Peer 1: 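Have a look at this one before I ask anything.
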Amino acid sequence: MDPYKIDGHKMMYHPKRVAELMDARGDWETAKSIYPIYVEVAPVGACNHRCTFCGVDYIGYKANRLDVGLLKNRLSEMGRLGVKSIMYAGEGEPLLHKQISEIVKATKEAGIDVSFTTNASILPKDFIDVALPNTSWIKASINAGTAKSYAEIHRTKESDFQLVIDNLSKMVIARNDRGLGCTLGAQMVLLPENADDVENLIRICRDQIGLDYLVIKPYSQHLLSDTKKYESLDYQDYLHLGAEWAKYNTDTFNVVFRGNTMRKYSDNERYNSCYSVPFVWGYIMADGVVSGCSAYLLDERFEFGNINDNSFEEIWTGPKRQENYHFVMNELDTKVCRKNCRMDEVNRYLHSLIEAPSDHVNFI
């Protein structure tokens, strides 16, 4: 039960961009003007939690903050250039930005769809009135089913657990009362410390809050993270639980068990080339740096420029991205990349089209 294709990909809905990508192989002059469909943006670098599994701990939760006036200009430009969606998340907690609702409104006005991944422990006073109507979906990171285990895993105070429940409940009530189109869900990174909490969290999300789904996903070791505690996790012993937790599914609620992703965690087979980084997605850090991949943040090979210094068009068509394009196409060893990276399913799809199509493809 995965109506939003969370455990898959959606590239088949963007055939024009895929065709452009396929035509641009080996041709920078064509490739440089293929803009990302999706961009992840970190409005702030700070975070009020210190989750035990945090992949971007090495960045240091710096108090960087994107300037709203400048960001509005860049958003307008990005929409004009063909960016379709932005997820506000990143290396910090996005709702810590005091003008986040204004940012959301400007993003939607630029013709760009908006989403959030957040810990939901903060709810700006104007968020429900201004941001919620302009947001496609919000996914709250809730990695436990009790206040005690929540505090231990998120490394925060126990009272935050109820605060998250209350904030999400307010969003659900407002969404339902006003007939808004925002999908509201949650996700849990499955860990040995919270495996026994899953069913309780399912009941809280479905029966108490009224969310649309709960995602149960595997941990993925970030290449640069200081955290190594979970790098050897084996999810084979958890795969059978997907069918057990599916009993909680209803017409209005789904447990999205990412079994496909869990199976891939111990699978060493993967594509030879990454077609996502130079083409279909990007990342903007809270200090304005535009990066090609969230698995390589602070790696200068993947940094294209800074929106505080240049327009998005100048950055995307500029020499740093050109260098990265040639590096990714000709030198990057995907075997050392982060397993189950955000673009993994997209890369598998593009690889099957470009490098490894099955036999008899013309017999449709």
Side-chain angles (χ1 to χ4, degrees), residues 1-10 51-53 87 89 115-121 135-150 152-154 160-173 175-176 180-220 230 233-267 339-342 344-345:
M1 300 291 288
D2 185 13
Y4 307 107
K5 299 189 184 299
I6 293 170
D7 203 27
H9 70 90
K10 301 162 192 166
C51 298
T52 58
F53 57 85
M87 180 176 75
S115 70
F116 281 90
T117 295
T118 169
N119 63 38
S121 64
T135 300
S136 296
W137 57 263
I138 297 171
K139 190 185 299 173
S141 181
I142 313 175
N143 298 284
T146 68
K148 184 176 184 298
S149 53
Y150 179 88
E152 291 171 352
I153 292 172
H154 284 250
D160 272 7
F161 185 65
Q162 187 60 48
L163 187 60
V164 169
I165 293 172
D166 293 342
N167 287 341
L168 290 171
S169 297
K170 290 175 185 176
M171 291 188 209
V172 169
I173 291 169
R175 188 268 309 267
N176 294 346
L180 304 178
C182 183
T183 300
L184 297 169
Q187 68 178 13
M188 170 193 269
V189 176
L190 187 61
L191 304 170
E193 296 94 323
N194 64 19
D196 291 338
D197 279 5
V198 172
E199 294 200 31
N200 195 48
L201 181 59
I202 291 173
R203 286 189 288 266
I204 289 171
C205 291
R206 187 190 67 175
D207 303 332
Q208 187 173 344
I209 304 174
L211 296 179
D212 300 307
Y213 64 80
L214 171 65
V215 177
I216 309 297
K217 61 184 285 188
Y219 171 80
S220 174
Y230 304 108
L233 269 182
D234 185 349
Y235 282 95
Q236 297 306 306
D237 291 339
Y238 294 100
L239 289 174
H240 70 284
L241 294 171
E244 182 177 335
W245 293 331
K247 67 186 179 184
Y248 291 98
N249 291 337
T250 68
D251 291 340
T252 57
F253 178 84
N254 290 302
V255 177
V256 181
F257 182 76
R258 297 194 61 175
N260 177 45
T261 304
M262 290 181 188
R263 292 181 188 93
K264 291 186 298 180
Y265 199 77
S266 57
D267 182 5
K339 287 189 176 183
N340 289 329
C341 71
R342 192 179 295 281
D344 182 67
E345 280 296 311

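Everything numeric in this text was worked out from a predicted model, so none of it was measured. Along the sequence shown, the residues carry numbers beginning at 1.
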Peer 1: Within the structure provided, determine whether Asn254 and Asp212 are in side-chain contact (heavy-atom separation under 4.5 Å).
Peer 2: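 SC-SC contact between Asn254 and Asp212 ruled out.
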Peer 1: Considering the options Leu168, Ile153, Ile165, Leu214, which one meets the side-chain contact (heavy atoms from CB on, under 4.5 Å) requirement together with Ile142?
Peer 2: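 Checked Leu168, Ile153, Ile165, Leu214 against Ile142; only one passes side-chain contact (heavy atoms from CB on, under 4.5 Å): Leu168.
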Peer 1: Would you mind reporting whether Ile216 and Val198 have side-chain heavy atoms less than 4.5 Å apart?
Peer 2: yes
Peer 1: Between Ser220 (side chain) and Lys339 (backbone), is there a donor-acceptor pair under 3.5 Å?
Peer 2: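 Yes, Ser220 side chain to Lys339 backbone: donor-acceptor pair under 3.5 Å.
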Peer 1: Of Glu345, Met262, Lys264, Arg258, which is the lone residue that meets side-chain contact (heavy atoms from CB on, under 4.5 Å) with Asn340?
Peer 2: Lys264
Peer 1: Going by the rule salt bridge (charged side-chain N to carboxylate O under 4.0 Å, His left out), which residues pair with Lys217 if we only count those two or more places apart in sequence or in a different chain?
Peer 2: none
Peer 1: Compare all side-chain heavy atoms of Lys139 with those of Met87 and state whether any distance is below 4.5 angstrom.
Peer 2: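 No, their side chains stay 4.5 Å or more apart.
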Peer 1: Between Asn119 and Ser141 (side chain of the first, backbone of the second, donor and acceptor by atom type, cut-off under 3.5 Å), is there such a pair?
Peer 2: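 No.
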Peer 1: If you look only at distance, which donor and acceptor atoms sit under 3.5 Å apart when one is on a side chain in residues 186-196 and the other is two or more places apart or in another chain?
Peer 2:
{"unit_1": "Glu193", "atom_1": "OE2", "unit_2": "Lys229", "atom_2": "NZ", "d": "2.9"}
{"unit_1": "Glu193", "atom_1": "OE2", "unit_2": "Tyr230", "atom_2": "OH", "d": "2.8"}
{"unit_1": "Asn194", "atom_1": "OD1", "unit_2": "Leu191", "atom_2": "N", "d": "2.8"}
{"unit_1": "Asn194", "atom_1": "ND2", "unit_2": "Asn143", "atom_2": "O", "d": "3.0"}
{"unit_1": "Asn194", "atom_1": "ND2", "unit_2": "Val189", "atom_2": "O", "d": "2.8"}

Peer 1: Please identify each residue that fulfils salt bridge (charged side-chain N to carboxylate O under 4.0 Å, His left out) with Lys148, with sequence neighbours left out.
Peer 2: Glu152
Peer 1: Using atom types as modelled and distance alone, determine if a side-chain donor or acceptor of Arg206 lies under 3.5 Å from a backbone N or O of Phe253.
Peer 2: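 No; judged by distance alone, with no hydrogens or angles, the pair does not exist.
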Peer 1: Any donor and acceptor pair, going by atom type alone, linking the side chain of Asn167 with main-chain N or O of Ala120 inside 3.5 Å?
Peer 2: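 Yes; judged by distance alone, with no hydrogens or angles, the pair exists.
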Peer 1: Taking atom types as modelled, is there a side-chain donor on Asp197 or Ser149 under 3.5 Å from an acceptor on the other?
Peer 2: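 The answer is yes; a qualifying pair exists.
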Peer 1: Is the Tyr213 ring parallel, tilted or perpendicular to the Tyr4 ring (thresholds 30°, 60°)?
Peer 2: tilted
Peer 1: Side-chain contact test, heavy atoms from C-beta onward, threshold under 4.5 Å: evaluate it for Phe53 versus Leu233 and give yes or no.
Peer 2: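 Phe53 does not reach Leu233 side chain to side chain.
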